[in-house]
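Quantities reported herein were computed from a predicted structural model and do not represent experimental measurements. All heavy atoms count here, side chains included; hydrogens, waters and symmetry mates do not.
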Amino acid sequence: MDDRVFLDRWASFKEGLLCRYGRLVSYEQGILGSPDENAGELSSIIEHGCLLAMDGMASPELSGLMRESLVTPLPDGLTDTIVRYYGGTYFSYLQAVELSAACSAARTFDGWQRDRYLASVICAASHCGSTVGGQFAQPLRTVDRRGLVKTKTIRKATACRAKSVSRATMSALEEIDALRKPGPHNTAIRAECREWLREQKPRADVIYADPPYSRYHYSRYYHVLETIARGDSPDITPNPATGRPSRGMYRAGRYQSPFSTRGGASGAFEELFVGCSASAPALVLSYSPYPSDRPSTPRMITIDDLTALAKQSYRHVDVVKVDDITHSKLTKKESFLETSETAELMILCRN
């Protein structure tokens, strides 16, 4: 597929954004050229370089460039949400400029082409982010409890910021095009699953469900990508201690799944089983067990309770172990909680 028009528009929007953020970009790129010698300056960018938050704790030179950028007029027709919200913290300023420009270029198209370009930008953002565990639940911490810069973290951030947004975007476009095949159309629906099953009453041969299983709400892991997809400038959840924007820049009003709460999980699963059994004779539900006698990330419901609920809607319920699957641990090594040797189970339900 010919992407020259998209690339031309992307380059034009990038040039416009650099009119505002060029000096800030040059400052950081100079630091990244010698990260070991400039570890303190890079740490200041990651910890305090968010333009929206402006916590007043950045180095004097960085603070001056941030203020200068924000008073420089933004060319008409450009949006810079990704730069203001996530530049410095999750992306280099250059990466954030390129992501913002790519989003603006994508939104000049309609239909499939718009979705194709936005999807590729989301893939690039996920690939290039300076994060813990490859998702956006928390930004990197570059300073330890003693106030010393963490060398390994600075090296990780430098490697992440060396990644090319343009190469990642074009690679994602190639993957998307390779996966797109002619034939029956699939439909992606964004909805609360229980409400959708109840209201739409779809018909299927089998339903596969992969609900959340821990207390960690998924919306916290993907909030940056959601902002890219929506193209909005959301309110940010404040830090309760300071009243200022949270360091992770989490969207206000993020969806909180009942499957991820002890009080809501049982009722949510009961509704899910009822809705699925009315729509399909078979359900395959993926869930992760945990050892009750060892420390672990708590699941919201036990496998025994889950199968008991399933049996209220299905005549046959079997639990099958899935071999050779492990779940990523997203915290530092000394904070790892033990997990079951079986990371994933399939609960097979049939009528």
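In this structure, CG in Leu17 is found 6.5 Å from OG in Ser104, a value given to the nearest 0.5 Å. Here the straight-line distance linking atom CZ of Phe269 with atom CG of Leu309 works out to 8.5 Å at 0.5 Å rounding. Between Ile45 atom CD1 and Ser59 atom OG the span is 7.5 Å, to the nearest 0.5 Å. How far NZ of Lys14 is from CG of Leu78: 13.5 Å, rounded to the nearest 0.5 Å. To the nearest 0.5 Å, the span separating CZ on Phe273 from CG on Leu285 amounts to 5.0 Å. The line from CG of Leu118 to CZ of Phe109 is 11.0 Å long, rounded to the nearest 0.5 Å.
A search for side chain to side chain donor-acceptor pair (under 3.5 Å) contacts involving Arg190 returns nothing, not counting sequence neighbours. A search for side chain to side chain contact (heavy atoms under 4.5 Å, CB included) contacts involving Asp210 returns Tyr208, Ser286, Glu344, not counting sequence neighbours.
By the 4.0 Å N-to-carboxylate-O rule, Asp80 lies close enough to Arg84 to be salt-bridged with it. With respect to Asp177 and Arg116, a salt bridge is recorded, a charged nitrogen being found less than 4.0 Å from a carboxylate O. Between Lys201 and Glu199, no side-chain nitrogen of the basic residue sits less than 4.0 Å from a carboxylate oxygen of the acidic one, so the salt-bridge criterion is not met.
Checking each of Tyr85, Tyr250, Phe136 against Tyr90 for a ring-ring contact (aromatic ring centres under 6.0 Å, His included) leaves exactly one that passes, namely Phe136.
Heavy-atom contacts from other residues, nucleotides or ligands closer than 6.0 Å to CD of Glu15 number 12 or fewer. Counting heavy atoms of neighbouring residues, nucleotides and ligands inside a 6.0 Å radius, atom CG of Asp36 exceeds 12 of them.
Judged purely by distance below 3.5 Å, without hydrogens or angles, the side chains of Ser130 and Arg161 pair a donor atom with an acceptor atom. Side chains of Ser69 and Arg23: no donor on one and acceptor on the other come within 3.5 Å. Between the side chains of Thr81 and Ser233, at least one donor N or O sits under 3.5 Å from an acceptor N or O.
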Q. Taking it one step at a time, do Arg251 and Asp232 satisfy salt bridge (Lys or Arg N to Asp or Glu O under 4.0 Å)?
A. CA-CA 11 Å; Arg251 297 173 63 94; Asp232 60 359; 2.8 Å; yes
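Ring-centre distance between Tyr93 and Tyr21: not below the 6.0 Å cut-off.
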